[in-house]
**Q** 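This is the structure I have questions about; it appears just below.
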Amino acid sequence: MALPQAGALQPPEPSQLTRQRMQESTPEGTAELRLTPAPVAGRQLRVLLTPLPQERLLALEGWAPGGKKLRPREPGPADVWDADSDGSEAEDAGAGGCSQLSVYEKKRLKNIIDNAKFFAALKLYESAARLQQIATRRQSLVTKRAKPKKAEDETVRRRSMRLQRVEPSGVSGLEAPAQPAAAGNVRQPQVPAGPLPMVPEDQKGNSKLTEDLLTTWMRISEVKANGTEKCLCDMKRYQDMLSSMVLSKENIRKVVKYRVCSMAIHPSESILFVAAGDKSGQIGLWNVDCKSEEGAHVFVPHNDLVSCMHFSPFNPAHLLSLSNDSLRCGDVTQAVFDDIYRSGEKLSSFDFLEDNASTAIVTHWGGNITIVDRRTPGTSSGLSADIGFKRMRTVHVHPVNKQYFMTAGSQDVCIYDIRYLKFHRNTPVSSLKGHTKSVASAFFSPVTGNRVVTVCADDKLRVYDTSSLSATVEVLSTIRHNNNTGRWLSRFQAVWDPKQEDCFVVGSMARPRQIEVFQDTGKLLHSFSNLNCLSSVCSINVVHPTKNVLVGGNSSGRLHVFKD
DNA sequence: ACGTGATGACTCC
DNA sequence: TGGAGTCCCTCACG
């Protein structure tokens with residue numbers, strides 16, 4: 001409901017009005033007045049409306065209370081001025097300026113006055129009071145209008161102080177009025193759109209402490225990692241290498257506050273540098289080689305779950321991160337998290353389309369994809385297409401044939417050719433059939449793209465042979481695997497070891513807690529575990545592209561680095 | 001019927 | 001004693 005403006009309810013003083021009309025009246029006798037009377041309190045308002053002489057005077061001049069021009073029309077029982085309408089009616093009132101009253105007009109005026117009195121007595125006072133409330137605090141209205149469901153949620157589902165992010169002092173309770181847990185948002189202050197300074201959360205205004213971390217990131221990004229030699233060593237050697245990778249206490253660190261939802265590892269070979277995104281929109285950067293407190297810092301470039309992150313393969317000084325509403329690029333050389341793309345639709349995943357990382361394919365949760373070109377900032381440029389998925393979780397571009405990309409979601413896993421995308425009704429090049437429940441992830445093998453591994457809620461890992469893309473793709477192996485991560489853990493994603501074409505890493509519910517490495521044949525090659533250090537489930541894992549390093553993130557924001 | 005997302009008790013240090 | 005960390009196999013809703 002469009003509530004009337006506070007000012008519009010005050011009728012102008014007749015004398016003043018008349019003066020204005022004399023000045024502004026047109027030869028036809030119509031006046032186009034723009035009156036902006038000062039706001040008036042509700043109580044005063046009633047007093048102003050009730051005295052009849054004033055009403056009559058106003059009415060005689062063709063004005064209704066509220067500064068609105070009366071439209072001449074047939075009188076009727078509902079012939080009252082409409083406090084809800086906007087000011088447009090005043091403009092098209094036409095030649096209604098009345099100086100001499102006909103019988104009809106007198107009757108009409110009587111109606112108007114009676115009705116005005118009636119409304120002033122009943123509704124206007126109420127409205128004015130509500131207006132006042134709006135002017136001071138919107139909250140009373142919000143609670144009135146709030147859906148009962150939300151109110152219920154608040155009462156039925158009681159949340160602990162810690163979960164409400166309420167400081168023990170209770171200070172933040174004042175700052176968190178109307179948006180308690182709206183959309184699961186964990187954080188109170190909303191991150192604005194547009195570029196954000198790369199300043200850690202705990203040190204707003206004092207970036208001195210992060211200087212080391214960011215300088216390190218910048219420095220290691222200048223050195224081109226030479227190791228694209230993705231060796232395909234024999235399985236025995238590979239297993240030995242895996243066995244040599246161990247976890248020690250100093251290589252465990254909590255880098256974000258809440259559950260890890262995505263991770264990225266910097267390609268540098270000199271320094272181990274990891275980024276983790278959590279459920280609340282935080283991104284933690286950790287220089288694993290720096291053992292001091294300054295080795296890790298938290299930034300907050302998003303409002304919501306950071307679902308996908310990649311260092312740019314072209315320029316690892318850029319860290320791209322995706323949240324529900326935006327794709328950002330953290331550029332350490334500029335010390336900003338820049339906006340690349342924003343959408344009203346919920347975003348789920350992205351991948352780079354070319355090696356130069358200038359274009360990215362972004363999937364929307366609801367089944368659309370968008371091609372985002374970073375060279376045209378601030379626009380959702382390029383192609384948008386509906387590929388008919390109900391829910392899309394991950395997207396991955398074929399490592400060799402970049403025209404192919406694969407999406408995985410609740411419906412299925414499909415491979416599309418980007419050259420033949422249409423706005424609607426896209427048919428996939430290949431469908432990877434067999435999933436009976438929703439699919440959490442699907443990724444091409446890193447070197448050739450000849451394999452795809454999927455994680456499905458039907459408690460199976462599947463490996464497909466995608467060496468030739470036909471309408472149906474053969475399942476190579478199926479692995480029984482408990483993927484029921486449930487309520488508190490991020491869903492498992494199976495990721496290939498970039499160094500080993502045919503092996504992938506996946507978290508596990510098995511006890512003792514472990515991270516598993518499988519061969520594409522379905523053979524379990526290794527389980528990373530440590531009875532002393534690893535006591536939780538690592539849902540999200542990344543493997544370094546050249547070094548023997550594996551990082552696992554758990555649902556408490558803690559990262560575990562296995563290295564040799 | 002199925003997919004999705006929400007959250008609090010308990011243990012350990 | 002209290003805060004940090006772990007993790008479930010539920011339940012409402014669309």
Side-chain angles (χ1 to χ4, degrees), chain A residues 147-170 179-187 249 252-261 276 278-282 284 296 298 303-307 323-324 345-349 363-367 389-394 407-413 435-441 454-460 481-493 507-515 529-540 552-560:
Chain A
K147 289 183 178 173
K149 181 193 151 200
K150 272 197 173 173
E152 271 174 30
D153 278 353
E154 266 311 282
T155 51
V156 173
R157 294 194 165 162
R158 293 173 55 196
R159 304 174 72 190
S160 68
M161 297 286 274
R162 178 171 66 90
L163 289 165
Q164 291 178 65
R165 322 296 172 222
V166 175
E167 300 300 322
S169 60
Q179 288 194 339
N185 261 356
V186 198
R187 296 178 39 75
K249 279 211 165 65
I252 302 173
R253 184 141 176 175
K254 189 177 171 79
V255 295
V256 281
K257 202 165 182 183
Y258 307 108
R259 86 162 68 150
V260 176
C261 297
D278 83 349
K279 192 174 158 49
S280 73
Q282 293 191 345
V298 172
N303 282 312
D304 219 329
L305 190 150
V306 184
S307 52
S323 181
N324 280 347
E345 280 183 80
K346 193 171 159 185
L347 307 174
S348 55
S349 181
T363 56
H364 299 245
W365 185 238
F389 265 60
K390 265 195 223 156
R391 296 278 178 261
M392 256 193 297
R393 286 188 186 277
T394 62
T407 59
S410 64
Q411 211 145 21
D412 227 326
V413 180
H435 304 98
T436 57
K437 286 194 174 180
S438 75
V439 182
S441 72
T454 66
V455 179
C456 184
D458 61 8
D459 281 349
K460 286 192 178 101
H481 190 264
N482 181 3
N483 299 328
N484 192 359
T485 46
R487 196 169 172 179
W488 289 284
L489 311 180
S490 299
R491 284 170 190 242
F492 291 148
Q493 296 195 344
S508 170
M509 295 296 282
R511 288 174 193 272
R513 298 310 185 191
Q514 52 197 274
I515 301 166
S529 65
N530 185 318
L531 292 176
N532 298 320
C533 303
L534 185 65
S535 58
S536 59
V537 176
C538 287
S539 295
I540 304 294
N554 75 3
S555 76
S556 307
R558 194 176 276 266
L559 303 192
H560 307 74

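Numbers restart at 1 for each chain; the letters A, B, ... are given by sequence-line order, proteins then strands. Quick caveat: nothing in here was measured; it's all calculated off a predicted structure.
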**Q** Which residues pass the ring pair (Phe, Tyr, Trp, His ring centres under 6.0 Å) test with A:H364, sequence neighbours left out?
**A** none
**Q** Starting at atom CZ of A:R391, determine the distance to atom P of C:dG14, rounded to an integer number of angstrom.
**A**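 Answer to the nearest Å: 13 Å.
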**Q** Given B:dG5, is OP1 or OP2 found less than 4.0 Å from the side-chain N or O atoms of A:R491?
**A**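 No.
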**Q** Please state the C1' separation for the pair C:dT1 and B:dC10 - nearest whole angstrom.
**A**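 Those two atoms are separated by 15 Å.
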**Q** From OH of A:Y258 over to P of C:dA4, roughly how many Å is that when rounded to an integer?
**A** 11 Å
**Q** Provide, to the nearest angstrom, the distance between the CG atom belonging to A:L559 and the P atom belonging to C:dG5.
**A** 13 Å
**Q** Checking A:S441 now: which residues fulfil side chain to side chain donor-acceptor pair (under 3.5 Å) with it, not counting sequence neighbours?
**A**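 Residues passing side chain to side chain donor-acceptor pair (under 3.5 Å) with A:S441: none at all.
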**Q** Looking at residues at least two apart in the chain, or sitting in another chain, which of them share a side-chain contact (heavy atoms from CB on, under 4.5 Å) with A:S508?
**A**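 Result, side-chain contact (heavy atoms from CB on, under 4.5 Å) vs A:S508: A:H481, A:A510, A:Q514, A:E516.
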**Q** Does B:dC2 have its OP1 or OP2 closer than 4.0 Å to a side-chain nitrogen or oxygen of A:K437?
**A**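 A:K437 to B:dC2 OP1/OP2: no side-chain N or O under 4.0 Å.
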**Q** For A:D278 and C:dG5, give me the distance from atom CG to atom P, rounded to whole Å.
**A** 13 Å
**Q** Distances under 3.5 Å between protein N/O atoms and the N/O atoms of nucleotides 11-13 of chain B, please, pair by pair.
**A**
none

**Q** Find every protein N or O atom lying less than 3.5 Å from an N or O atom of nucleotides 7-9 of chain C, and list the pairs.
**A**
| unit_1 | atom_1 | unit_2 | atom_2 | d |
| --- | --- | --- | --- | --- |
| C:dC7 | OP1 | A:R513 | NE | 3.1 |
| C:dC7 | OP1 | A:S535 | O | 2.8 |
| C:dC7 | OP2 | A:V537 | N | 3.1 |
| C:dC8 | N4 | A:N484 | O | 2.1 |
| C:dC8 | N4 | A:T485 | O | 3.1 |
| C:dC8 | N4 | A:G486 | N | 3.2 |
| C:dC9 | O2 | A:N484 | ND2 | 2.8 |

**Q** Checking A:D459 now: which residues fulfil salt bridge (Lys or Arg N to Asp or Glu O under 4.0 Å) with it, not counting sequence neighbours?
**A** none
**Q** Over how many whole Å does the gap from A:K279 atom NZ to B:dT4 atom C1' extend?
**A** 11 Å
**Q** With sequence neighbours left out, write down each residue that passes side-chain contact (heavy atoms from CB on, under 4.5 Å) with A:K346, or none if nothing qualifies.
**A** A:N324, A:W365
**Q** Tell me every residue that passes side-chain contact (heavy atoms from CB on, under 4.5 Å) with A:S410, counting only those two or more places apart in sequence or in another chain.
**A**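 Expected list: A:K390, A:R391, A:S438.
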**Q** Taking the P atom of each, how far is C:dC13 from B:dG8, in whole Å?
**A** 16 Å
**Q** Starting at NE2 of A:H560 and ending at P of C:dG5, how long is that distance when rounded to a whole Å?
**A** 11 Å
**Q** Quick one: closest heavy-atom pair of A:V413 and A:V439, and the distance?
**A** CG2-CG1, 3.7 Å
**Q** Taking side-chain contact (heavy atoms from CB on, under 4.5 Å) as the definition, give me every residue that meets it alongside A:T363, ordered by chain and number, with sequence neighbours left out.
**A**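 Expected list: A:S348, A:S349, A:I369, A:M392, A:V395, A:T407.
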**Q** Out of the candidates A:V256, A:V260, A:N554, A:I540, only one should pair with A:L559 under the side chain to side chain contact (heavy atoms under 4.5 Å, CB included) rule; please name it.
**A**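 For A:L559, the side chain to side chain contact (heavy atoms under 4.5 Å, CB included) check succeeds only for A:V260.
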**Q** How many whole angstroms separate atom CZ of A:R259 from atom P of B:dG8?
**A** 14 Å
**Q** If I take atom CG in residue A:D459 and atom P in nucleotide B:dC2, what distance separates them, rounded to the nearest angstrom?
**A**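 One finds 15 Å between P of B:dC2 and CG of A:D459, rounded.
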